[in-house]
Amino acid sequence: MSSIQTAEKEVIRQEILEMLSMAAEGGAGEKVLRAALKKAGYELTEEEILRQISYLKDKGLVRAVEVKNPGMRIRRTIAYITAAGTDYLEGNGGEIPGINEG
């Protein structure tokens with residue numbers, strides 16, 4: 001992976017954290033994040049967004065809840081920022097590799 005691709009992923013992760021912070025307790029699903037990222041100039045698939053959410057989850061910065069309705073064939077992943085994610089955005093969590101410092 002090139003350094004530009006790596007840097008872009010770091011910026012996208014930062015954007016996702018900031019969006020989840022704005023969403024607060026309501027969280028945001030992959031479709032909402034995709035639309036918001038598109039407005040910010042990033043064209044990502046829902047699968048790529050879910051990969052980034054998983055990455056942030058592994059770092060402890062977000063939590064994700066899968067919501068299903070098998071009868072209606074609906075599946076959504078709703079992501080929420082954690083306290084550690086908020087601390088990071090506020091500059092209280094230290095540097096985290098893989099996330100753009102903004």
Side-chain angles (χ1 to χ4, degrees):
M1 180 179 303
S2 76
S3 60
I4 291 178
Q5 289 172 318
T6 300
E8 184 174 54
K9 283 187 178 187
E10 291 175 354
V11 170
I12 288 168
R13 293 174 191 142
Q14 177 81 22
E15 291 277 346
I16 290 171
L17 281 176
E18 291 172 2
M19 290 172 189
L20 293 177
S21 179
M22 287 186 274
E25 295 175 9
E30 66 267 24
K31 290 182 183 301
V32 171
L33 290 171
R34 183 174 188 223
L37 287 166
K38 186 174 182 178
K39 287 188 178 209
Y42 302 102
E43 189 72 44
L44 280 79
T45 65
E46 288 178 25
E47 292 78 20
E48 179 60 29
I49 291 168
L50 290 173
R51 277 193 290 276
Q52 298 310 319
I53 289 171
S54 178
Y55 180 92
L56 294 168
K57 182 180 172 189
D58 289 347
K59 296 283 188 176
L61 302 173
V62 304
R63 68 181 176 89
V65 176
E66 190 171 340
V67 180
K68 297 180 191 177
N69 184 329
M72 297 181 73
R73 295 187 176 120
I74 295 173
R75 184 202 60 80
R76 298 281 184 272
T77 299
I78 308 298
Y80 305 85
I81 194 164
T82 63
T86 299
D87 283 345
Y88 172 78
L89 287 179
E90 292 175 350
N92 299 321
E95 185 177 326
I96 299 175
I99 313 290
N100 182 48
E101 289 295 309

**Prompt:** Going hydrophobic residue to hydrophobic residue with side-chain gaps under 4.5 angstrom, can you get from Y80 over to L89?
**Reply:** no

**Message:** Show, in sequence, the C-alpha distance, side-chain angles and deciding distance for K9 and E48, and conclude whether the side-chain contact (heavy atoms from CB on, under 4.5 Å) test is met.
**Reply:** CA-CA 10 Å; K9 283 187 178 187; E48 179 60 29; 3.9 Å; yes

**Message:** Applying a strict under-4.5 Å side-chain criterion to I, L, V, M, F, W and Y, I'd like to know whether V67 and V32 cluster together.
**Reply:** no

**Prompt:** Short question: side chain of T77, backbone of E66 - any donor-acceptor pair under 3.5 Å?
**Reply:** no

**Request:** Starting at CG of L33, measure out to CG of L20 and round the result to the nearest 0.5 Å.
**Result:** 5.5 Å

**Prompt:** V11, Y55: one ILVMFWY side-chain cluster at the under-4.5 Å cut-off?
**Reply:** yes

**Between CD on residue E15 and OH on residue Y42, distance to nearest 0.5 Å** = 5.5 Å

**Fill in**
So CG of L37 and CD of E43: to nearest 0.5 Å the spacing works out to 10.0 Å

**Fill in**
What one should report as the nearest heavy-atom pair of V62 and T82 is C-CG2, 3.5 Å

**Message:** Taking the side chain as everything from C-beta on, heavy atoms only, tell me whether E30 gets closer than 4.5 Å to Q52.
**Reply:** no

**Request:** Please round to the nearest 0.5 Å and tell me the distance separating atom CZ of R34 and atom CG of L50.
**Result:** 11.0 Å

**Prompt:** Looking at CG of L56 and CZ of R51, how far apart are the two atoms once the value is rounded to the nearest 0.5 Å?
**Reply:** 13.5 Å

**Asked** For residues Q14 and E10, is any side-chain donor paired with an opposing acceptor at under 3.5 Å?
**Response** no

**Prompt:** Closest heavy-atom contact between G60 and A84?
**Reply:** O-CB, 3.5 Å

**Prompt:** What distance do E8 atom CD and L44 atom CG have between them, rounded to the nearest 0.5 Å?
**Reply:** 7.5 Å

**Request:** Of all the heavy-atom pairs spanning L17 and I81, show the shortest one and how long it is.
**Result:** O-CD1, 3.6 Å

**Item:** A64 to I53 - nearest heavy-atom pair and separation
**Value:** CB-CG2, 4.1 Å

